[in-house]
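Only heavy atoms go into these numbers, but all of them, side chains included; no hydrogens, no water, no symmetry mates. We count residues from 1, following the sequence as given. Atoms within a ligand are numbered from 1 in the order they appear, just like the ligands themselves. These figures come from a predicted structure and were not determined experimentally.
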Amino acid sequence: MDERVVEVALPLPLYATFSYRVGEPWAVPPRGARVEVPFGNRKAVGVVTRSGIAPPASVELKDVSDVVDEAPLVEPPLLDLAAWMADYYLAPPGECYRLVLPPAGIRASRTVVRRIAGASAGDESAEDPLLLALGKGAMPVSRLASRLGKDPTAGLHRLRREGRVEIVQDIRAPAFRNVQVASLVDGAEDPKPSAQAEVVTRLRAAGGRMRVADLVRDKASLRGAVSRLAEKGVLRLEEERDVRSPEGLPLRDVGRHTLVSDQEEALESVGAALRTESFAPFLLHGVTGSGKTEVYFRAAEQALALGRSALFLVPEIALTPLLVRAARTRFGDEVAVQHSELSAGERHDQWWRIRDGEARVVIGARSAVFAPLPRLGLIVVDEEHEGAYKQEESPRYHARDVAVMRATLEGAVVVLGSATPSVESHSNALRGKYRRLTLGARIGAHGMPRVEIVDRRAVLKAGGDAILSPPLREALAERLARKEQSLLLLNRRGYATSLLCRECGQQATCPNCSVCLTLHGRGVRALCHYCGHDVPTPGACGVCKGAYLRLSGYGTEQVVDVVKAALPGARVERLDRDLAARRGAVARVLAGFEAGETDILVGTQMIAKGHDFPRVTLVGVVDADVGLGLPDFRAAERSFSLLTQVAGRAGRAELPGEVILQSHWPDHYALTLACAQDYDSFFEREMEFRRTMAYPPAGALLNLLVRARDAGPGAREADALGRRLRDAARGRYRVLGPARAPLARLRGEHRFQILLKGQRAAMRAAVKGALVERYGASRWPGIAVDVDPVSVM
Ligand code: ADP
Ligand code: ZN
């Protein structure tokens, strides 16, 4: 063992870690501290995973070129979490550590060398080259090294002994910006000149305090008046830290409710667990509209009262501006929001506020599970069944499962909430692994909405419209007449689903992927939903050059057109991923709908999630079969929960709700049981299927994907790995494939998959063994390992 040797993980797709020596000017950084190291012919910032280790034999160790953090910026549980992820998901350790460490650009401290004044006075000519490079003042060691073109460590050590330089850690405060704020001084006299009077009026309207930038935003000429008022002592100017935070909806007081007895009971269990300050996992199964949010918020209040912090995970933050607002109303400035749309500046500020304990309530999507909250007491995973919690790129973690592990490491309480718990979580609750809490009834006056299935085969036979059947159209018209609102779900965006050649019957496909192009913009553009390929809709068939092309199928765009044509005068808006690509657009559409400026909101699953609109009394599902036919073992579960969730948007307040599903497949159990809102029967039915097929939770899955430019070599790799994995199985798991993945080509790459079913630990060990044997310990080119895959497409 050598005290000065550290093991470093680099944020690259590398499965190995690397050893470096820490030169003398630095103290040896502990686990979790970042260091800059030479790697190949460049520098990279990695993280120390162990320090004081045995130097590997036979390699000459390089020195770290800079110590970024003297001490880790996050607490040990987060570091343990990263290490666990790397191991459990067979993921590159550096990529896992990067998730828990500050965003790039945040520097805690760095090592600086400073000239000791007067030490070399009078002897300038005989100066050491190091001192010459250093100049008069101070400089980070890393900059000195690059200026010299070599490692200054040994020389600095000598100069320090000679008392000519000192080596210090420079702790840099995070780079917050300041803004100027004006506040009215009590009892000051009202000013006469009109500009000054206007400033005072504006300030009063804003409650006496306002940012100067906002005060003069539309009228720059008021700036002079602000200064003069400050001189007169009518107002006070102060600097305030500007925390860049994302725009939200205007706050609205939603009030506090007296809990109903189910809520009371659930809260009592969670509260008792919080007070024991140890790990406790709960599954909160509450039907739609049963008041889960109130339970979450009360639990968070209790956590804060105990001096601990709270983390809320939602499947997709852009879809939940209403939840964010409710949390802001309840917890004020303590709330920080984290999601992928944040700018670098916002991310930086939010990270520091959380890390320093200023924002003790964090709301965010998937990656917020790594928020650096000190003394974390409560984690809520809302809509825990959502597939969006799974990250589909490396590291392929599931935020719900990571949340449970984090709670274990932090000694925290974790609450998984859903109206339709995932089959896995429900089975965990039945086995006693999670404690089950139930909110069995809706809060509103009318209970669950009435659901009707319209058989589309009959509608089409009778000559009815494929998109709006007569019953659905009538129901929409009734809502318009009564000034109530409707949601129309179609889980398919775009205008048409494909472009069909009438001569040869072929569909236009993506040149990079084995999927059809979708038509957008009333059919003028053809898009691939997987790789982003985007071209004007071709005028001739790519196969036979035939010129008679036809749009077939329909998506949300076309539904909007059809609804507008059928119900002139209806105010219709659309909400789907195309719209969400514009920053702030989701919040705008939801706010307009909430304010009653929209009658009918058409959208994909985005409209099904978590929203609480009291005037929605009708939910129409244009095509309830979307997704049911996919070659994916979770297809039925996904349909069941989507339909249950969207049905749950209707009739949440004083007005009763109605749901209409249009289907070609009205007898499918996912549909009939969603209509009956019968979760327990669905679960049993689905478990039977999972047991028969040894799908989760009856057995674990691991999907190994081989990607290659050319099909031949890809297939050969997959075959070799498949053979090796079969040989190692010894009855502990089964190997399916290799076979072409359902999405056989994606972004120009051929895809082969090997699906393993069985005991997770044995599968992980075998896969790791096979990959190390074939490719070595560090790089596994073209291979994607997915432990507990959510989608096997
Ligand atoms: P869920 O998330 O379970 O679907 P919500 O948390 O959105 O349900 O609650 C549904 C509605 O009931 C909301 O409008 C909420 O404000 C209201 N609500 C929640 N708890 C109570 C209560 N104890 N009394 C009255 N209204 C409540
Ligand atoms: Zn494509």
Note to self: With a cutoff of 4.0 Å, is Val287 in contact with ligand 1, counting heavy atoms of the residue only?
What the structure shows: yes
Item checked: Sub-4.0 Å atoms of ligand 1 with respect to non-hydrogen atoms of Thr288 -> 4 (O)
Notebook entry, point to check: Can you give the angle Cys510 SG - the Zn ion (ligand 2) - Cys531 SG, rounded to 10°?
Noted result: 100°
Item checked: Test: Arg747 cationic atom under 6.0 Å from Tyr530 six-membered ring centre, within 45° of axis -> no
Note to self: What I'd like to find out is whether the side chain of Glu384 reaches to under 4.5 Å of the side chain of Leu283, using heavy atoms alone.
What the structure shows: yes
Item checked: Heavy-atom nearest neighbour of atom 9 (O) of ligand 1 within options Gly417, Gly291, Ser261, Gly286 -> Gly291
Margin query: Check for me whether the distance between the ring centres of Phe683 and Phe640 falls short of 6.0 Å.
Written below: no
Next item on the list: Using a strict cut-off of 4.0 Å, indicate which atoms of ligand 1 neighbour a heavy atom of Thr293.
Entry: 2 (O), 5 (P), 6 (O), 7 (O)
Note to self: I'd like to check which ligand 1 atoms, numbered from 1 as shown, lie under 4.0 Å from a non-hydrogen atom of Thr258.
What the structure shows: 22 (C), 23 (N), 24 (N)
Notebook entry, point to check: Does Gly289 have a heavy atom less than 4.0 Å from any atom of ligand 1?
Noted result: yes
Notebook entry, point to check: Could Arg330 and Glu294 be called an ion pair, given the rule that one side-chain N must be under 4.0 Å from one carboxylate O?
Noted result: yes
Notebook entry, point to check: Salt bridge or not for Arg479 and Glu658, using N-O below 4.0 Å?
Noted result: yes
Notebook entry, point to check: Is the centre of the His426 ring less than 6.0 Å from the centre of the His385 ring?
Noted result: no
Next item on the list: Run down the list Arg442, His257, Gln645 and name the one with the heavy atom closest to atom 24 (N) of ligand 1.
Entry: His257
Margin query: Strictly distance-based, threshold 3.5 Å: is any side-chain N or O of Arg492 a donor or acceptor partner for the main-chain N or O of Tyr554?
Written below: yes
Item checked: the Zn ion (ligand 2) to nearest N/O/S of Cys528 less than 2.8 Å -> yes
